[in-house]
Structures are given as C-alpha cells and as structure tokens.
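Report on the following structure.
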There are 2 protein chains.
Amino acid sequence: MIDIPRLNEYLQLFKEFSIDDAKFFFSLTRQRKLKSGELYVQAGEMHRKVAHIKSGLMRAYFINENGEEVTIFFRKEDHQIAPYDCIFANKPSRMFIEAFEDTTLYEVDYEKLQEFMARHPQYEKARLHFHQKLLMETFLRLEKFILMPPLQRYQYFVKENPELVQRVPDKYIASILGITPGSLSRIRKRIKQKG
Amino acid sequence: MIDIPRLNEYLQLFKEFSIDDAKFFFSLTRQRKLKSGELYVQAGEMHRKVAHIKSGLMRAYFINENGEEVTIFFRKEDHQIAPYDCIFANKPSRMFIEAFEDTTLYEVDYEKLQEFMARHPQYEKARLHFHQKLLMETFLRLEKFILMPPLQRYQYFVKENPELVQRVPDKYIASILGITPGSLSRIRKRIKQKG
DNA sequence: GTTAAAAGTTAACCTTTGTTAATTTTTAAA
DNA sequence: TTTAAAAATTAACAAAGGTTAACTTTTAAC
C-alpha cells in the first residue's frame, strides 16, 4: 500500500533530480544481499559507506565491557544505515551492524557520495533533510531518557514503534531502552496489572 | 589563548567564504544581549532563529508533568543554539531556553539563513559540518544512557565536560544525567569512598 | 559583615533495577 | 511432530534510585 504523504515528501525532495543525475548516481551504488544474522559492519572497521535498505531489517549494537551485546538501534526498509562514528568522525566504527532479517540494500562509498554532492550542490537540500530527520529522531530518544523512567519509556517506545515491537524479540527492545530483559518483563507485568 | 587546531578547522570550513558574502551574511544577523536568568525562548513559541553565542552560557530545559524544570543541555560561547524541534519539525518549541550567565549572541532568522544558503550552495559544506557535529554529540550522549548506569555516566560526563561541571551547580548536571540531585550526591559520596 | 536564599548533603523509607539461576513458554529446526 | 534452542518469565537477594524532609554548607544580596 502506498503512503501518499510520505511519497509526496520524497517527491518534493527529489523533484529537481534530473533523470541523468539519477542514472549517474545509481551507477555509483551497488546492491548487496545479506542473510539474516550476517554481519555487515565489524567494529574496528573503516566502513565508510552509506546504505539504503530496500527490504529487511538491520541491527546496530555495541559490545560492552562484560562482553555482552547492547543493541542501540534498528533500521528497516526504506531507511538508511551507516556507522555514524566512522563516517562523521572518520574513525574506525565502534559499532557492529548485522542483518536481522534477510536484507537487500544499495550502498555507496561515502567519498563518492561526497564527490557527487560537490558537483551537484542543488541536492544538498535533500541531504540536509535526511540529516535533520536523523538528528530529530536521536534528540527525541535522548529526551526520553532524561525525562522518563523505564516504564514510561517503554510505553512511549511501543506507541512510537508498534511495528518494531512486533518484529523483534523483547530482549532487544529492553536493550534499546537501557534496561535488562528481566526488568522489562516486570514492567510488562506491572502494566498488565494496573492497566 | 588561541586553540590552533580548532581555529584551523574553522578556517578550512570558511576558506571559500568571500569577504562580500561574509559582510552580507553578517548584515542578516542582529546582536542580542541577555542578562543572566533572562528567558530567550518560551515553550509554545515559534522561535525560528539560530543564534551564535559570542560569550556567555545558555540553558535549555523542559517542564515535566510535575511542573519541574528538567535541564536538557547547556551551550556555551563559540557554539550555536536553537530550539531544534521548532526549526527542524516546524512546530512550536517545546523547550525553554534561558541565559544562564550574561550572554551576547548573534541571531539570524532561519528563513533568511535558508535563502542565503539557497543562493550560496558552496557553503552547504560548512552547514553540513555543524549538523554532523551536533548529530555525533547527541548520539554519543544517547549511547551513554543505553550503555552506562548513572555512576559511570556521571564520571564520563565530568571527564568530557570538566569546565561545565565547574561552571554550573550540580543539580543541573544531575538533571542532564537523568537523575535527582540527591542521587547525584550519593554517587559523589560513593566515588569518594571507593576511589 | 550580616542575612537570606540557593545548593548540597543526609537519613528514612519505599520502589525499582540488576544479578543469578531456575522454570516456563515460544520459536525454529530437524 | 518431535526436539532443541531461544526467549520470556519468575523468584530471591543485593544494590541503587526516587521522594520527602531536615539539616548543613555555600553563595549572593544587602
């Protein structure tokens, strides 16, 4: 089913995108298919690529001092994924990124993207849009940590990400919320009891 | 004292900035002086302006459901400040921003900034840089909430912001860390005792 | 320098989380 | 369908945070 407002948003962004530019840009990308569970970015790696997820689900995580995986975010189809620290800070990625479901994505070297943008500054507006969206998303998440205790954080998260909550086991949701699976389990129980 | 690497970073960003453009851009800005404690942005207000802080310190905060102020960030001299939600989401600001010390800033209407950038796309690179820096900062803060318990979060914060910790009473630091002043006080005690 | 206000600390009490380990339920594989 | 693996729940205990209120210290105002 087509999401009209969203499609419109995209069309606005790319309305000045000429067919030739689009073709050329597409020629810079390459398709990759990943099996569920397959590692896409390794911590320590200089992975200076940005990917558009055509279909599937990706998971980014750290490994903490106890050797445990700590999930920091998921990105699904029609969204972009990259190890931010590597690209923005030009340092080896500190995060791992894996395919959480079978995933198809298109990736482009960040350097090539930079060249393209340098030659076609008229598209900076579109890029800015993506950056601002990501910044707002990140800032909103941060806000919840400052303002809400875990129970409310969970309720808010479910409201904002109903689909993801269905698509992913609770232990990953707990991780994103900064709590343990046991604690999340108790929170769910409390919500059930009280309403 | 001059911070050479930082100055260099700026010079790189603005090396293509012509004198005429700089003059014109400056003509779009206006200086404002705020007394310590003076409100700069009111929640509910459409404050579509971006400000460069020349000197002083600004504080952004929410008012939570209990009517308490919850500080979300400080911004000091040589940095930029704006109510992100208002500018990026084009909705009334949900945050308050006040001068925490006597502050001088230069502000520009976001619309005028947009016009300027549309006419001078060569400066998008500089803008992108600021956005990426802010995004990295925000993402790093979020990371700490997911990965660290309050005690470590505090220690990390002090390490990363030694100056701010000196400059601002502890209760604001506690708020930024998502804990109560009482809890921060106990944390400090624990650190003293154990080392 | 005195005084009032703000900030910081502490204590008591309750709530919640983390940890560990056992148990149950669910999911996926054979 | 059976079986094994993964996820979720639960319990017991210790550790930590929230709340409230009293008290101390620090800061700022007069």
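Because the structure is predicted, anything quoted here is derived from the model rather than measured. The sequence lines fix the lettering, A, B, ..., with proteins before strands; numbering per chain opens at 1. Only this structure's heavy atoms are used, side chains among them; waters, hydrogens and symmetry mates stay out.
- Protein atom CD1 of I191(A) is 14 Å distant from nucleotide atom C1' of dT16(C), rounded to whole Å.
- At whole-Å resolution of the value, CE in M148(A) and P in dG18(D) are 16 Å apart.
- At whole-Å resolution of the value, CG in L147(A) and C1' in dG17(D) are 17 Å apart.
- Atom CZ in R153(A) sits roughly 14 Å away from atom P in dT16(C) (whole-Å rounding).
- When distances are taken from the side chain of K189(B) to each of dA7(C), dT10(D), dA11(C), the shortest belongs to dA11(C).
- Centroid-to-centroid, the aromatic rings of F25(A) and Y123(A) stay 6.0 Å apart or farther.
- R167(B) has a carboxylate O that lies under 4.0 Å from a charged side-chain N of E101(B), or vice versa, which qualifies the two as a salt bridge.
- Q152(A) places its CD atom 11 Å from the P atom of dT16(C), with the value rounded to the nearest Å.
- For the residue pair E98(A) / Y40(A), no side-chain donor-acceptor distance below 3.5 Å is found, with atom types taken as modelled.
- A salt bridge links E124(B) with R127(B): at least one charged nitrogen is closer than 4.0 Å to a carboxylate oxygen.
- A close approach under 4.0 Å does not occur between any side-chain nitrogen or oxygen of R188(A) and OP1 or OP2 of dA8(D).
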Start with the C-alpha distance between E160(A) and K144(A), add both sets of side-chain angles, then the distance that settles salt bridge (charged side-chain N to carboxylate O under 4.0 Å, His left out), and finish with yes or no. CA-CA 12 Å; E160(A) 293 294 305; K144(A) 304 315 166 202; over 6 Å; no

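- Note: CD (E69(B)) to C1' (dA6(C)) measures 14 Å, nearest angstrom.
- Ring geometry for Y84(B) versus F73(B): interplanar angle of 30 to 60°, hence tilted.
- To the nearest 0.5 Å, atom CG of residue L113(B) and atom CD of residue E107(B) are 12.5 Å apart.
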Treat primed atoms plus P, OP1 and OP2 as sugar-phosphate and everything else as base, then score nucleotides 17-30 of chain C 5' to 3': B for base contact with protein heavy atoms under 4.0 Å, S for sugar-phosphate contact only, - for none. BBB-----------

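- The closest donor-acceptor contact from the side chain of S27(B) to the backbone of F24(B) lies under 3.5 Å.
- Taken over five-pair windows at either terminus, the axes of the helix from dG1(C)-dC30(D) to dA30(C)-dT1(D) are inclined to one another by 50° (rounded to 10 degrees).
- One can place NZ of K192(A) at 12 Å from P of dA8(D), the figure rounded to the nearest angstrom.
- Interatomic distance, NE2 of H52(A) versus CD1 of I81(A), reported as 12.0 Å (0.5 Å rounding).
- One can place CD of Q193(A) at 11 Å from P of dT16(C), the figure rounded to the nearest angstrom.
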